[in-house]
Structures are given as structure tokens and as C-alpha cells.
Amino acid sequence: MIITFVRHAEVEEAYIGKYNGHRDISLSKKGELQAIKLAKKLQNESFDTIYCSDLLRARQTLAPLKHSLEVIYTKALREKSWGIHEGKSFQEIQDSGIYYENFQQWITALDGEDINTYKNNVKSFFTNIVLQEEVNSILIVTHSGLIKTFLSIMQNTPLEVAFNITLKYTDIVKFDVNNTKIL
């Protein structure tokens with residue numbers, strides 16, 4: 001099985017570079033154009049199933065793609081919740097008194113969903129839902145943090161290693177589940 005992950009397109013300018021988590025924000029004008037280009041890029045790909053985060057930025061990214069499948073929208077594909085820190089930049093969070101010492105300290109210090117709970121929820125969704133499908137190709141439109149968390153789980157690497165991967169808006173990551181590797 002090949003899972004094609006797509007990070008959503010660019011968000012409204014006020015939210016670029018922020019910890020957006022569960023904020024339901026829309027795409028920027030540039031993001032709308034990125035979504036159209038993405039649809040053209042994927043137009044000749046064949047998918048057996050399409051999953052999408054239920055948040056607006058992911059739904060708007062998927063919208064231009066022409067397909068005949070019923071999309072499965074789900075909260076399970078959301079970014080981690082950052083609680084009171086959502087909508088704030090790294091610098092704004094530091095200005096509030098939380099300083100970065102290392103990855104684990106930072107991820108633990110921020111409010112919102114516990115990182116281990118988040119990771120377990122991602123693992124559960126993929127293990128119990130996605131990986132149970134008897135299909136060849138799945139498209140998932142979601143968020144950078146979820147893609148990185150999935151890769152950490154599947155490749156048995158620390159989250160910190162996975163979070164060092166750069167995923168730009170509308171980047172595509174193809175993952176071969178059978179060989180547990182990025183294509």
C-alpha cells in the first residue's frame with residue numbers, strides 16, 4: 001500500500017509560521033493557487049481512498065482535485081492542539097515566558113494536547129482504520145505535524161528526528177507501507 005500525504009496549502013497570512021493546531025483557518029490567495037496547482041499535479045494519480053482533515057485549510061486544499069471518490073473527513077487527521085498557544089509564533093510563545101531548551105522540554109511545556117496522547121491517537125487511527133484497508137493507494141490531505149508523527153511511528157524514529165523534516169505547503173510525501181520507507 002502506498003499512502004500519499006499532502007500538507008495543506010498556505011494559510012491566511014496572519015497565521016503563517018504559527019502554531020495553528022485546531023484553529024479552523026482558511027487558505028490565503030496564494031494557498032488557493034497552490035491547491036489548484038496541486039490538483040493538476042495529482043490529476044493523473046489513481047487513489048482507492050481519500051482521507052482529509054476536517055479543518056478548513058485541508059478541505060480547501062483538496063477541493064480543486066477532481067475525483068469520483070467519497071472523501072472521508074475526520075478529526076483524527078488534525079494537527080496537535082496547542083491550547084492557549086494556538087495562533088502564536090515561536091517568538092510570541094517565548095515572549096510569554098516559555099523558553100526553548102530542547103525538543104522534548106518545548107513540546108511538553110506548551111499547553112494543549114499531550115504529545116504522547118497525540119502520538120497514540122495518530123497510531124491508533126492508522127493502525128485501526130487506514131492500514132486495515134485492502135487497497136493499493138490512499139491519499140491523505142492533512143497537516144505537517146501529523147505527517148511527521150506518522151513517519152516517526154512507522155519508521156520507529158524519535159519525534160524529534162521526524163520533526164526536523166521540512167514540509168512546505170502542498171508538499172507531497174509518498175510512503176510505502178509494505179517496505180516502511182518514503183518513496
To the nearest 0.5 Å, what is the distance between [atom1] on [X] and [atom2] on [Y]?
{"X": "Arg59", "Y": "Cys52", "atom1": "CZ", "atom2": "SG", "answer": "8.0 Å"}
{"X": "Ile147", "Y": "Phe5", "atom1": "CD1", "atom2": "CZ", "answer": "6.5 Å"}
{"X": "Asp95", "Y": "Ser89", "atom1": "CG", "atom2": "OG", "answer": "7.5 Å"}
{"X": "Asp176", "Y": "Met154", "atom1": "CG", "atom2": "CE", "answer": "9.5 Å"}

For [Y], does its backbone N or O pair with a side-chain atom of [X] as donor and acceptor, under 3.5 Å?
{"X": "Asn20", "Y": "Tyr15", "answer": "yes"}
{"X": "Ser152", "Y": "Lys148", "answer": "no"}
{"X": "His143", "Y": "Gly145", "answer": "no"}
{"X": "Gln132", "Y": "Asn128", "answer": "no"}
{"X": "Ser137", "Y": "Ser46", "answer": "yes"}
{"X": "Thr127", "Y": "Ser124", "answer": "no"}
{"X": "Gln105", "Y": "Tyr100", "answer": "no"}
{"X": "Gln43", "Y": "Ala39", "answer": "no"}
{"X": "Asn120", "Y": "Thr117", "answer": "no"}

Least distance between heavy atoms, [X] atom then [Y] atom:
{"X": "Arg57", "Y": "Leu27", "answer": "O-CD2, 3.6 Å"}
{"X": "Ile172", "Y": "Leu42", "answer": "CD1-CD2, 3.9 Å"}
{"X": "Asn136", "Y": "Asp48", "answer": "N-OD2, 2.8 Å"}
{"X": "Glu79", "Y": "Glu113", "answer": "O-OE1, 4.4 Å"}
{"X": "Glu133", "Y": "Thr49", "answer": "OE1-OG1, 2.8 Å"}
{"X": "Tyr73", "Y": "Ser53", "answer": "CD2-O, 3.9 Å"}

Margin query: The test is side-chain contact (heavy atoms from CB on, under 4.5 Å); show your working for Ile107 and Gln104 and say whether it passes.
Written below: CA-CA 5 Å; Ile107 218 86; Gln104 189 59 47; 3.9 Å; yes
Would you say the side chain of [Y] lies within less than 4.5 Å of the side chain of [X], judging by non-hydrogen atoms?
{"X": "Thr170", "Y": "Lys37", "answer": "no"}
{"X": "Lys40", "Y": "Lys66", "answer": "no"}
{"X": "Lys119", "Y": "Ile153", "answer": "yes"}
{"X": "Leu183", "Y": "Lys181", "answer": "yes"}
{"X": "Gln60", "Y": "Ser26", "answer": "yes"}
{"X": "Asn178", "Y": "Ile2", "answer": "no"}
{"X": "Leu159", "Y": "Ile115", "answer": "yes"}
{"X": "Tyr19", "Y": "Leu110", "answer": "yes"}

Next item on the list: Kindly indicate, with the supporting measurements, whether the criterion ring pair (Phe, Tyr, Trp, His ring centres under 6.0 Å) is fulfilled by Phe125 and Tyr51.
Entry: CA-CA 12 Å; Phe125 176 73; Tyr51 288 93; 5.8 Å; yes
Cluster question for you: counting only ILVMFWY and a side-chain heavy-atom cut-off of under 4.5 Å, with indirect links fine, are [X] and [Y] together?
{"X": "Val6", "Y": "Leu167", "result": "no"}
{"X": "Leu69", "Y": "Val71", "result": "yes"}
{"X": "Val177", "Y": "Val141", "result": "no"}
{"X": "Phe90", "Y": "Ile25", "result": "no"}
{"X": "Leu131", "Y": "Ile129", "result": "yes"}

Checklist line | Partner set under salt bridge (charged side-chain N to carboxylate O under 4.0 Å, His left out) for Arg78, not counting sequence neighbours | finding: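 Partners of Arg78 by the salt bridge (charged side-chain N to carboxylate O under 4.0 Å, His left out) criterion, ordered by chain and then number, come out as Asp54.
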Notebook entry, point to check: Does Glu12 have any salt bridge (charged side-chain N to carboxylate O under 4.0 Å, His left out) partners at least two apart in sequence or in another chain, and if so, which?
Noted result: none
Check: Yes or no on ring pair (Phe, Tyr, Trp, His ring centres under 6.0 Å) for Trp106 and Tyr99, after CA distance, side-chain angles and deciding distance?
Finding: CA-CA 7 Å; Trp106 180 257; Tyr99 302 100; 8.9 Å; no
Within the supplied structure, the quantity of interest is the number of heavy atoms (other residues, nucleotides, ligands) at a distance under 6.0 Å from [X] [atom1]; does it exceed 12?
{"X": "Gln91", "atom1": "CD", "answer": "yes"}
{"X": "Asn102", "atom1": "CG", "answer": "yes"}
{"X": "Lys88", "atom1": "NZ", "answer": "yes"}

Next item on the list: Before accepting this row, confirm whether a basic side-chain N of the pair Glu92/Lys18 lies closer than 4.0 Å to the acidic partner's carboxylate O.
Entry: yes
Item checked: Trace of the side-chain contact (heavy atoms from CB on, under 4.5 Å) decision for Ile138 with Thr4 -> CA-CA 6 Å; Ile138 295 176; Thr4 302; over 6 Å; no
Check: Can you tell which of Lys29, Lys30, Gln34 makes a side-chain contact (heavy atoms from CB on, under 4.5 Å) with Glu32?
Finding: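 The side-chain contact (heavy atoms from CB on, under 4.5 Å) with Glu32 is passed solely by Lys29 among Lys29, Lys30, Gln34.
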Check: Per the side-chain contact (heavy atoms from CB on, under 4.5 Å) rule, which among Leu77, Val122, Leu55 passes with Thr142?
Finding: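 Filter result, single survivor: Leu77.
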Notebook entry, point to check: Please walk me through it: do Glu13 and Ser28 pass side-chain contact (heavy atoms from CB on, under 4.5 Å)?
Noted result: CA-CA 6 Å; Glu13 188 175 336; Ser28 66; 5.8 Å; no
Next item on the list: Please collect all ring pair (Phe, Tyr, Trp, His ring centres under 6.0 Å) contacts where either partner lies in residues 160-183, sequence neighbours excluded, each pair once.
Entry: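 Every ring pair (Phe, Tyr, Trp, His ring centres under 6.0 Å) pair that includes a residue of residues 160-183, provided the two are not neighbours, is His8-Tyr169, Phe103-Phe163, Phe150-Phe175.
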Next item on the list: Test Leu65 against Leu38 for side-chain contact (heavy atoms from CB on, under 4.5 Å), laying out the working first.
Entry: CA-CA 8 Å; Leu65 183 65; Leu38 173 70; over 6 Å; no
